[in-house]
> 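The structure that follows is given in the form of structure tokens.
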Amino acid sequence: MKLVGYLIFAFWLSISVYAYPEFQKFSQMNSGRTVNCAMCHTHPDGPNGAAFGQIGSLNAEQIERLNQARAAFDPGRDVNSPILNAFGNHIIKTLGKTKFLEYRSRPKELATALGTSSDLDEDGVPDAREYLEGTHPLNKANGNPWLLFVHNFKRNKVHVVLIFLATVVTIYGLVNLLRGAHAAHELSQLKK
Amino acid sequence: MFRAFSDFLSARFPVEKMNFNAMVAKKEVPVHKMSWAYYLGGLSLFFLIVQVVTGLMLLFYYEPTVSDAHASVEFITKHVSGGALIRNMHSWSASAMIFCVMAHMLTAFAMKAFERPRELIWVTGVIMLLLTFTFGFTGYLLPWNQIAVNATKVGLQSIEEIGTFLPQSLSTLPRLIRETIQGEASVGQATLSRFYALHVVVLPLLMFAVLALHLFSIQLHGMSKGVDSEVRKTEKFFPDFMIKDLTLWGVVFLVLFIVALCLPFESFFSYPLSEPYNPLGSTPEGIKPEWYFYFLYYPLEMLPFWVVFLVTNAAVLVLLLAPWIFRGTSRRTLRVLAVVITAYLVLMTVFGEQIYYIVKGGQ
């Protein structure tokens with residue numbers, strides 16, 4: 001029984017975790033916003049531990065996916081690491097592990113390398129800009145407020161026009177209702 | 001004694017004015033340079049109505065349990081048709097309501113709207129201001145995310161700190177009060193249940209009762225004169241003022257709708273603060289109350305607790321007794337006081353953090 005325990009421990013050590021807090025620190029310093037591991041990882045506290053999305057909780061199939069992601073040294077390979085979220089996997093796919101590790105000493109350049117075409121949460125703010133501004137690239141309610149406003153306004157133009165018309169018609173109706181009620185009251189006073 | 005009380009009541013609730021003609025049809029609204037301030041009360045009422053309507057809609061999906069509260073809010077935002085819009089309208093209008101209530105109170109103070117026989121209008125207004133803040137405090141916890149729970153903990157902790165300034169026999173009382181509000185040793189299910197009950201039942205009932213008295217008294221006595229000089233021009237409350245008020249409500253509704261549709265309230269927070277509360281995890285940086293508590297929060301961070309506690313309580317007392325304390329004060333002096341208070345509120349709300357860093361030596 002003890003032997004099984006040692007084996008599990010040895011296996012756990014063999015898949016020990018590599019976290020790269022340089023990018024988190026840069027994003028936080030650059031934006032002034034609080035940033036945690038959830039920007040790229042499945043778990044907000046990072047890959048260490050036994051909770052969902054952390055190394056200690058992975059089954060055999062997930063470990064295989066993890067190893068495939070770790071072996072993705074060149075860009076363009078589809079990766080689906082269970083400890084990374086869609087943005088984390090996107091970084092590895094776009095840059096490859098080798099290039100990604102090079103940016104550890106120059107975290108600002110990661111944004112340039114990612115480009116501006118990718119917007120995983122489709123909130124109108126490119127993922128690279130979300131990284132620079134410390135907002136979440138997978139949360140469409142989190143991003144640069146002005147850019148979110150402009151993007152959502154363009155997306156909802158029809159709704160805005162409809163609500164404008166509905167409000168104008170409602171106010172017009174209510175104003176005339178008030179005027180009518182006033183006229184009826186004046187009339188009743190005159191009759192008296 | 002009874003006679004004096006009876007006279008007081010009959011002056012505040014004159015039976016001869018309790019009819020449609022006096023309260024609506026014949027009511028006149030003064031027109032002068034401060035007339036814009038007469039619309040602030042109506043705007044506060046408008047935002048309260050939005051709060052009630054959107055709050056009732058959120059009630060259909062919200063689960064007040066520590067295990068499901070955050071998930072239910074996420075479900076509303078991501079999966080319910082129009083859920084994000086309703087939630088944003090609730091959040092934005094809560095802030096707008098607090099802003100309007102504060103602006104209404106300051107302008108009413110500057111215009112000496114508490115003059116005899118309008119003392120009860122003022123006192124009910126102050127009570128509603130306090131109720132509005134309590135709405136904000138209790139509502140803040142309901143999404144059960146990191147900022148909600150941690151900020152509530154800080155808020156409740158400050159109640160206990162009062163104990164250190166009380167005599168020995170009373171020193172444990174604040175802790176008992178905190179535990180009564182909290183319902184258990186730490187902020188948990190009992191706290192959420194209590195805050196939920198307060199936010200959706202107790203406070204609305206209290207608010208409606210006080211609001212009814214407030215509006216009834218305003219209709220009885222009409223709008224206050226507002227200026228020291230003689231009012232030369234007036235307009236009819238019904239329908240002229242009501243039409244303007246209604247049109248303003250329409251414009252504000254449109255703005256609120258567009259803002260709620262296009263600008264998520266949460267976009268101003270760091271995303272780790274919106275994550276579900278984790279009692280075992282570390283407290284994220286940047287835990288702060290809502291912006292409307294900054295005028296209290298930053299002084300609490302910079303000054304000794306007892307100073308802020310005493311000043312706050314004195315301020316509430318002065319506000320409640322303003323009709324009697326400032327009976328003989330001119331509107332000019334009141335206006336200067338209102339400007340000073342406004343400057344303080346704006347300064348602490350907008351630049352509170354910078355002032356904090358300056359005072360604390362850039363820590």
Side-chain angles (χ1 to χ4, degrees), chain A residues 28 31-39 43-45 49 51 123-125 130 134-157 159-160 162-164 166-183 185-186 188-189, chain B residues 20-21 24-26 73-74 77-78 82 84-85 87-88 91 146-147 236-278 280-288 353:
Chain A
Q28 185 154 319
S31 64
R33 286 189 178 223
T34 306
V35 173
N36 67 4
C37 302
M39 183 176 269
H43 198 280
D45 290 339
D123 63 356
V125 188
E130 300 232 40
T135 57
H136 205 294
L138 301 175
N139 183 350
K140 59 170 67 181
N142 192 248
N144 179 301
W146 174 246
L147 289 183
L148 286 184
F149 181 83
V150 172
H151 174 76
N152 289 329
F153 189 84
K154 283 180 186 163
R155 211 163 53 103
N156 293 299
K157 263 189 287 195
H159 294 95
V160 171
L162 286 175
I163 198 69
F164 174 77
T167 310
V168 169
V169 170
T170 307
I171 296 298
Y172 178 78
L174 288 173
V175 164
N176 279 291
L177 193 71
L178 274 178
R179 287 205 174 112
H182 179 251
H185 178 73
E186 295 279 288
S188 70
Q189 293 294 305
Chain B
F20 182 77
N21 264 340
V24 181
K26 299 265 187 268
V73 173
E74 286 281 295
T77 313
K78 289 179 179 161
L85 172 69
R87 195 179 158 222
N88 274 329
S91 305
Q146 290 281 18
I147 193 167
K236 286 184 173 221
F237 174 77
F238 176 69
D240 298 344
F241 183 82
M242 281 179 85
I243 286 173
K244 285 182 189 170
D245 219 6
L246 203 62
T247 311
L248 181 65
W249 284 24
V251 173
V252 170
F253 171 76
L254 205 57
V255 173
L256 176 68
F257 188 92
I258 293 170
V259 169
L261 189 68
C262 303
L263 188 54
F265 193 76
E266 277 183 17
S267 64
F268 292 93
F269 294 121
S270 299
Y271 70 83
L273 304 178
S274 306
E275 284 169 359
Y277 172 64
N278 176 11
L280 303 173
S282 53
T283 308
E285 290 170 40
I287 297 293
K288 270 193 287 192
E353 195 169 358

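The chains referred to below are lettered A, B, ... by the order of the sequence lines, with proteins before strands, and numbering in each begins at 1. What you see is a predicted model, and the numbers here were worked out from it, not measured in a lab. The analysis underlying the following values was restricted to heavy atoms, covering all of them including side chains, and did not include hydrogens, waters or symmetry mates.
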> Please flag which part of A:A166 lies under 4.5 Å from any non-hydrogen atom of chain B: side chain, backbone, both or neither.
neither
> Any donor-acceptor pair under 3.5 Å linking the side-chain atoms of B:E266 with those of A:N139?
no
> Counting heavy-atom pairs closer than 4.5 Å to chain B, which one of A:V150, A:T167, A:T170 comes out on top?
A:T167
> Please step through side chain to side chain contact (heavy atoms under 4.5 Å, CB included) for the pair B:E285 and A:Q28, ending with a clear verdict.
CA-CA 11 Å; B:E285 290 170 40; A:Q28 185 154 319; 3.3 Å; yes
> With rounding to the nearest 0.5 angstrom, report the CG to CG distance, A:N156 to B:L261.
4.0 Å
> Quick one: what part of A:V35 sits under 4.5 Å from any heavy atom of chain B, side chain, backbone, both or neither?
both
> Quick one: what part of B:D240 sits under 4.5 Å from any heavy atom of chain A, side chain, backbone, both or neither?
neither
> To the nearest 0.5 angstrom, please state how far the CG atom of B:L263 sits from the CZ atom of A:F153.
12.5 Å
> Mind ranking A:L178, A:N36, A:I171, A:N152 by heavy-atom pairs under 4.5 Å with chain B and telling me who comes out on top?
A:N36
> Working note: A:N142 + B:F269, criterion side chain to side chain contact (heavy atoms under 4.5 Å, CB included); need CA distance, chi angles, decisive distance, verdict.
CA-CA 8 Å; A:N142 192 248; B:F269 294 121; 5.6 Å; no
> Which value, rounded to the nearest 0.5 Å, describes the distance between B:F268 atom CZ and A:L148 atom CG?
9.0 Å
> Could you tell me which portion of B:N278 (side chain, backbone, both or neither) has an atom closer than 4.5 angstrom to a non-hydrogen atom of chain A?
side chain
> Identify which part of B:E275 has an atom lying under 4.5 Å from any heavy atom of chain A, answering side chain, backbone, both or neither.
side chain
> Atom CZ of A:R33 and atom CG of B:L273: how far apart are they, to the nearest 0.5 Å?
9.5 Å
> Measure the spacing between CZ of B:F257 and NE2 of A:H159 and express it to the nearest 0.5 Å.
7.5 Å
> Between B:P239, B:S274, B:A25, which residue shows the highest count of heavy-atom pairs closer than 4.5 Å to chain A?
B:P239
> Flag the one option from B:S267, B:C262, B:G286 with the top tally of heavy-atom pairs under 4.5 Å to chain A.
B:C262
> Quick check on B:F20 against chain A: is it the side chain, the backbone, both or neither that has a heavy atom closer than 4.5 Å?
side chain
> Can you establish whether the number of heavy atoms outside B:F238 located under 6.0 Å from its atom CZ is more than 12?
yes
> Which answer fits A:H182, side chain, backbone, both or neither, if we ask what part of it has an atom under 4.5 Å from a heavy atom of chain B?
both
> Go through the steps for B:L254 and A:I163 under the test side chain to side chain contact (heavy atoms under 4.5 Å, CB included), then give the verdict.
CA-CA 7 Å; B:L254 205 57; A:I163 198 69; 3.9 Å; yes
